[in-house]
Amino acid sequence: RFADSHEISELVYSASNLLVLFNDSILRKGLRCAFPVSLSQQRLLNWLSVLEYVEVFLEMGACKLWGEVGRWLVIGLIQIFKAIFRIVLLLRYKSGIQTSPPIIPLDRGAEFVREDDGNREQQDDTCFVGQRSGRAIRPLGSTPSLQARLWGAPSQKKRRSASNGEKLHSKPTQLGLQETIAESVYIGRPLVHLLCLGLCGKQSWKPWLVSAVLELSSFAVLSDGKFQNRWEKAEIRRRTFLLLYYLLRSPFYDKYSEEKILFLLRLLADHVPGIGLVAR
């Protein structure tokens, strides 16, 4: 009964992400807040997003149908296509630092607030602002009906709308030569890691060391960059957190981390009520 549970759960996860991507594209057209990029660049971003959402499911499906050889073949093809797409975006379209996912999901709440603010901009301009408190108060004549009333202050809505508009329409920070090389190294790192795995084997330390050196060198250069946009700073923070994943990758995990993590889980399960249901 549960033989295909992992594949089905991954299929549901991939399908839900694809549905969100498709729904976001419809909402952006309706709200007229599309990204300021060309049609060809938008198509590349869409295909790259689709690859990132379905790559794990394709890997699991290939392993089930064709075994380990098919699994590694699909992994290699996916990483090659992703690297090509990202390099084209970086060098041809000057898209700056690459995010994951490439298309950031739409903030629906902020967008609908922004649309409502556009319709009531004239009403918000008539608000009375106290000289001492600085609090904005609507006059009774501009108060909407009870069903359409928003109880937040007008100034709060405007700040929220401006913040979301900055995220959608801001252009990426232009990278210098050093930052472009560092981002190219980060893009090509998965391919180099796969090549080292094929040449040296899974139990060798060389793939782990080469991948760690490439990612750390790229991060050292990009972390000193003067990024202006919030989504670029969020991507740098995400990459900082992902460096901790090297503690959970073989062979470092097999030799050092596994024993300490299992000891910590046993300690928590024995002394903290309720943890044992999960830790064991």
Side-chain angles (χ1 to χ4, degrees), residues 1-23 43-89 98-103 105 184-215 218 235 238-239 241-262 265 277-280:
R1 178 190 300 179
F2 302 104
D4 300 328
S5 59
H6 296 294
E7 288 81 2
I8 293 176
S9 63
E10 189 60 38
L11 174 62
V12 172
Y13 176 78
S14 301
S16 63
N17 285 328
L18 292 177
L19 183 61
V20 170
L21 179 65
F22 178 69
N23 185 255
R43 288 175 177 174
L44 275 179
L45 290 171
N46 287 333
W47 280 110
L48 189 57
S49 300
V50 170
L51 277 179
E52 289 208 354
Y53 288 146
V54 303
E55 61 178 337
V56 177
F57 173 72
L58 293 178
E59 174 189 343
M60 297 174 68
C63 181
K64 194 172 185 64
L65 293 176
W66 303 306
E68 285 295 317
V69 176
R71 173 180 174 236
W72 286 107
L73 179 61
V74 169
I75 291 175
L77 290 175
I78 291 175
Q79 294 302 327
I80 289 173
F81 280 113
K82 286 175 61 177
I84 292 175
F85 289 165
R86 289 187 181 275
I87 286 293
V88 171
L89 289 171
Q98 305 286 308
T99 61
S100 182
I103 299 179
S184 301
V185 169
Y186 182 82
I187 293 173
R189 178 195 56 82
L191 292 178
V192 176
H193 183 253
L194 286 176
L195 181 62
C196 291
L197 280 177
L199 295 176
C200 305
K202 297 180 181 179
Q203 300 303 320
S204 175
W205 280 88
K206 293 181 181 179
W208 188 88
L209 289 173
V210 170
S211 178
V213 168
L214 291 178
E215 189 156 357
S218 173
E235 176 64 19
R238 188 188 72 88
R239 295 186 185 185
F241 178 76
L242 289 181
L243 291 175
L244 298 176
Y245 278 25
Y246 280 93
L247 301 178
L248 304 177
R249 294 181 179 178
S250 298
F252 188 91
Y253 174 79
D254 299 331
K255 192 169 184 179
Y256 298 104
S257 301
E258 182 179 16
E259 182 179 354
K260 295 178 177 59
I261 292 176
L262 292 178
L265 290 177
L277 298 175
V278 179
R280 292 192 177 94

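This one's a predicted model, so the numbers in the text were calculated from it and none came from an experiment.
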Glu259 atom CD: more than 12 heavy-atom contacts under 6.0 Å:
no
Ring of Tyr246, cation from Arg249 - is the NZ or CZ under 6.0 Å from the centre and inside 45° of the axis?
yes
The reported gap from CD in Glu59 to CD1 in Ile75 (rounded to nearest 0.5 angstrom) is 3.5 Å
Run Val56 and Ser14 through side chain to side chain contact (heavy atoms under 4.5 Å, CB included) and show every step you take.
CA-CA 9 Å; Val56 177; Ser14 301; over 6 Å; no
Quick one: OH on Tyr53 to CG on Leu21, what's the gap to the nearest 0.5 Å?
6.0 Å
Interatomic spacing from CG in Leu248 to OG in Ser257 - rounded to 0.5 Å
6.0 Å
State whether the number of non-hydrogen atoms from other residues, nucleotides or ligands found under 6.0 Å of Trp66 atom CH2 is greater than 12.
no
Heavy atoms, side chains only, cut-off 4.5 Å: are Cys196 and Val192 in contact?
yes
Residue from Glu235, Glu52, Arg239 passing side chain to side chain donor-acceptor pair (under 3.5 Å) with Ser100:
Glu52
Between Phe85 and Trp47, is the ring centroid distance below 6.0 Å?
no
Non-hydrogen atoms of Cys200 and Ser204 that approach each other most closely
O-CB, 3.4 Å
Roughly how far, to the nearest 0.5 Å, is the CZ atom of Arg71 from the CG atom of Leu65?
14.0 Å
For side chain to side chain contact (heavy atoms under 4.5 Å, CB included), just list the numbers for Gln203 and Asp254, CA-CA rounded to whole Å, side-chain angles, deciding distance to a tenth of an Å, and then say yes or no.
CA-CA 9 Å; Gln203 300 303 320; Asp254 299 331; 4.3 Å; yes
Hey, could you give me the CD1/CG distance between Ile78 and Leu58, rounded to the nearest 0.5 Å?
4.5 Å
Does Arg238 make a cation-pi contact with Phe241 (under 6.0 Å, within 45 degrees of the axis)?
no
Would you say CD of Glu68 has more than 12 non-hydrogen atoms from neighbouring residues, nucleotides or ligands within 6.0 angstrom?
yes
Quick check: do Trp72 and Leu194 have side-chain heavy atoms less than 4.5 Å from each other?
yes
CG on Asn17 to CZ on Phe57, rounded to 0.5 Å:
13.5 Å
Does any non-hydrogen side-chain atom of Lys82 lie less than 4.5 Å from one of Leu48?
yes
Are the side chain of Ser49 and the backbone of Leu45 linked by a donor-acceptor contact shorter than 3.5 Å?
yes
Going through the distances and angles, do Lys255 and Trp205 end up as a side chain to side chain contact (heavy atoms under 4.5 Å, CB included)?
CA-CA 11 Å; Lys255 192 169 184 179; Trp205 280 88; 4.0 Å; yes
Within-4.5 Å side-chain heavy-atom neighbours: Met60 and Leu11:
no
Donor-acceptor pair, side chain of Ser218 and main chain of Glu215, under 3.5 angstrom
no
